[in-house]
Participant: 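Provided herewith is a single structure, encoded as structure tokens, for subsequent inquiry.
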Amino acid sequence: MNNKSQVLSKIQSSLARRNRAEARFRWYGRMAIFIGLLAVALLFIDIVSKGHGAFRATYIQLDVRYDQALVGIDNLTDAEQLIAGNWQALPKSALRTYFPDVSGRSDKRKLYKLLSNGAGFDLKDRLVADPSLLNRIESVWILADDDIDTYYKSWLDGNPYDARMSDKQVKWIHQLHQEGQIALHFNSNLFTRGDSREPEQAGIRGALMGSFFTLVLTLLLSFPIGVSAAIYLEEFAPKNKWTDFIEVNINNLAAVPSIIFGLLGLAIFINVFHVPRSVPIVGGLVLTLMTLPTIIITSRAAIKSVPPSIREAALGMGASKYQMVLHHVLPLALPGMLTGAIIGMAQALGETAPLLMIGMVAFIVDIPGGFSDPATVLPVQIFLWADSPERAFIEKTSAAIMVLLSFLIIMNTSAVWLRKRLERRW
Amino acid sequence: MNTSNIAEKEPKTTAKLSSEQTLEIEDNHITVGSCFSDNPKMTMRNVNVFYADKQAIFDVSLDIEKNEVIAMIGPSGCGKSTFLRTLNRMNDTVDGCRMDGDICMDGDDLYAPKLDVVELRARVGMVFQKPNPFPKSIYDNVAYGPKIHGLADSRVDLDEIVENSLRKASLWEEVKERLHQPGTGLSGGQQQRLCIARAIAVSPEVILMDEPCSALDPIATAKIEELIEELSENFTIAIVTHSMQQAARVSHRTAYFHLGKLIEVNPTEQVFTMPQHQLTEAYITGRFG
Ligand SMILES: Nc1ncnc2c1ncn2[C@@H]1O[C@H](COP(=O)(O)OP(=O)(O)O)[C@@H](O)[C@H]1O
Ligand SMILES: [Mg+2]
């Protein structure tokens with residue numbers, strides 16, 4: 001009796017200690033997760049706070065007279081005339097009309113600097129789209145220069161940055177503001193244009209299309225090759241030292257720094273096979289090399305997770321090995337394989353270093369229209385913009401990061417969703 | 001693992017038995033009882049099976065008669081499954097497993113180089129220990145065999161095969177309303193009958209069953225046993241079971257395996273009433289296993 005109560009009290013005293021240890025352990029776990037989340041939150045807050053401004057741009061509303069004589073054209077369907085026309089005269093004259101008091105060469109130059117130097121071409125596009133505007137007056141919101149954009153946004157935020165502004169320009173902006181002729185509008189250029197030296201005209205469309213073509217090629221190459229390799233290794237290859245050797249090397253490849261793949265691509269695809277530089281083809285090939293190990297490893301895991309009882313059932317019914325794989329293993333392993341492919345693609349989308357090696361870091365204004373057009377990709381665009389001196393590129397950089405992160409989040413979420421959705425049904 | 005367990009158990013078992021009896025098997029044990037038949041469906045002669053270097057089956061010779069139900073019993077790890085799986089060459093799929101000896105069905109050598117295992121497995125169907133329907137619809141489960149072997153000429157044909165097979169497996173009434181729902185949604189017993197329907201859909205000559213009821217409750221077990229009795233009219237059945245009652249209920253002959261050796265084969269009634277070998281007696285009286 002006495003003995004029993006002793007045992008009980010011993011258990012009770014150790015119980016308290018064990019409970020404390022468990023509580024402590026839980027706390028460590030919570031702290032670890034908190035730190036992780038905090039890091040992510042800080043990253044997001046920093047990027048969003050810097051980048052959100054880029055989704056709106058400063059526009060100035062002016063009455064534009066599409067003066068035929070001023071531009072020096074007489075036929076809107078003549079391509080040569082369109083190219084030769086002095087389109088920049090249109091926004092300039094509109095500014096002079098709005099600010100009639102401005103005189104003198106240097107003041108006028110400052111005045112003209114209010115608007116983007118692409119403004120004339122934007123007006124040309126409007127006119128070509130609607131030829132009836134010729135010689136008529138239209139009130140247009142015209143894109144402002146990046147310095148104006150930076151100043152106006154910072155001034156609205158109560159913290160004006162006027163280092164690159166003259167006093168007169170500041171005065172004009174305030175006049176425009178009071179008269180309601182300057183405002184922030186959605187920055188569609190960001191999504192419709194390629195790169196530019198002028199921050200206000202630069203967009204991520206070119207990089208997005210470059211990433212798109214590169215990734216499509218990567219997926220088209222790496223998924224079938226990776227899945228075939230995985231199936232062969234799991235289902236058909238004899239288990240001997242050769243397959244062990246291959247397995248070790250696939251795992252090695254997965255751990256090789258990505259820049260090595262870029263060097264390899266440079267040495268083989270460009271120098272030996274003479275694939276042109278800077279095009280999605282070579283980017284796709286290099287990223288395929290990089291993604292293959294990921295896809296092979298995840299696909300093998302997916303194949304391994306198909307229960308042996310299903311294989312036995314198929315073989316026992318007289319299915320050949322090939323039929324067993326095609327009819328039973330593959331359908332069950334496919335969700336896992338797709339998840340692996342998405343994760344591999346997300347990695348490839350964020351990859352920068354190997355692409356620098358194969359020339360996808362060039363300054364490219366035109367939006368690529370295919371696999372063989374010179375292109376850059378989103379992360380490289382971020383790298384390029386982050387390196388640019390113009391202050392207005394700071395928010396562009398962050399905005400491009402936001403777009404990249406959204407794609408990554410979408411891809412990773414769909415991988416998780418796919419896994420949940422198509423989880424084992426046996 | 002299994003064998004080592006038994007090896008550990010064995011001395012204890014010996015100690016329990018009265019002194020004049022011993023439970024050693026002679027190295028050159030010759031199966032006692034009636035292992036041969038005048039009208040055999042399958043004949044096995046001097047079969048040895050090895051997993052890598054470890055021998056799992058020692059020199060087993062046995063006939064399986066046409067349309068009989070033969071039960072294989074014995075302590076776990078004694079090689080019942082291994083032996084059963086040599087009959088449709090399922091052991092070929094196990095790395096490092098090899099066998100020697102002769103196995104013939106209707107006089108054809110099952111291990112002849114020119115024999116195609118695909119054809120063999122259509123002739124010798126198998127039902128596994130754990131119900132393993134494909135994660136597909138009930139219909140597709142049953143239709144799979146006929147489809148891959150090209151047994152149905154038309155959709156109507158296939159429908160008929162599916163219905164007949166499900167009827168023979170006494171499952172039709174329960175599932176006819178939901179043929180296109182997943183087979184994995186059925187109860188365990190229904191799943192096992194679905195697996196039986198799937199096996200008989202290709203009209204095999206022999207059906208191998210490896211402990212088909214070990215994962216089922218008593219009611220589902222009773223249904224399967226009833227079904228085995230019906231099937232024995234048309235098929236030759238070899239069933240592995242760890243339940244002696246089950247062997248007694250469903251089989252015509254019973255083969256007792258011990259440590260990879262076939263100890264005794266006799267008509268079921270005799271095995272359970274007057275076993276010829278002491279090891280068999282020790283097993284059926286529950287002294288080990
Ligand atoms: N795939 C395998 N690889 C190696 N040894 C095996 C394998 N399958 C079974 N064995 C061994 O063969 C012996 C017989 O096993 P098994 O035929 O499964 O016995 P039973 O079905 O009678 O329980 C056991 O010792 C077991 O450990
Ligand atoms: Mg077994």
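In what follows, chains carry the letters A, B, and so on, assigned in the order in which the sequence lines appear, proteins first and then strands, with residues in each chain numbered from 1. Quick note: numbers below take in every heavy atom, side chains included, and nothing from hydrogens, waters or symmetry partners. All values derive from a computational prediction rather than experimental measurement.
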Participant: Below 4.5 Å from any heavy atom of chain B, which atoms of A/Lys239 appear? Answer side chain, backbone, both or neither.
Facilitator: side chain
Participant: I'd like to verify something: which residue of B/Arg89, B/Met90, B/Arg85, B/Met126 has the highest number of heavy-atom pairs under 4.5 Å with chain A?
Facilitator: B/Met90
Participant: Among pairs that include at least one residue of residues 231-242 of chain B, which meet side-chain hydrogen bond (donor to acceptor under 3.5 Å, both in side chains), considering only residues two or more places apart or in two chains?
Facilitator: B/Glu211-B/His242, B/Thr241-B/Gln246
Participant: Does atom CG (A/Asp244) have a neighbourhood of more than 12 heavy atoms from anything else shown, all under 6.0 Å?
Facilitator: yes
Participant: Would you mind telling me which of B/Gln129, B/Arg123, B/Lys136, B/Lys130 has the largest number of heavy-atom pairs within less than 4.5 Å of chain A?
Facilitator: B/Lys136
Participant: Quick check: do B/Leu194 and B/Val175 have side-chain heavy atoms less than 4.5 Å from each other?
Facilitator: no
Participant: Tell me whether A/Phe371 at atom CZ has more than 12 heavy atoms from other residues, nucleotides or ligands lying less than 6.0 Å away.
Facilitator: yes
Participant: Could you tell me which portion of B/Val117 (side chain, backbone, both or neither) has an atom closer than 4.5 angstrom to a non-hydrogen atom of chain A?
Facilitator: neither
Participant: Ion pair present between B/Glu230 and B/Lys168, side-chain N to carboxylate O less than 4.0 angstrom?
Facilitator: no
Participant: Highest number of heavy-atom pairs under 4.5 Å with chain B: which of A/Ala313, A/Ser309, A/Gly316?
Facilitator: A/Ala313
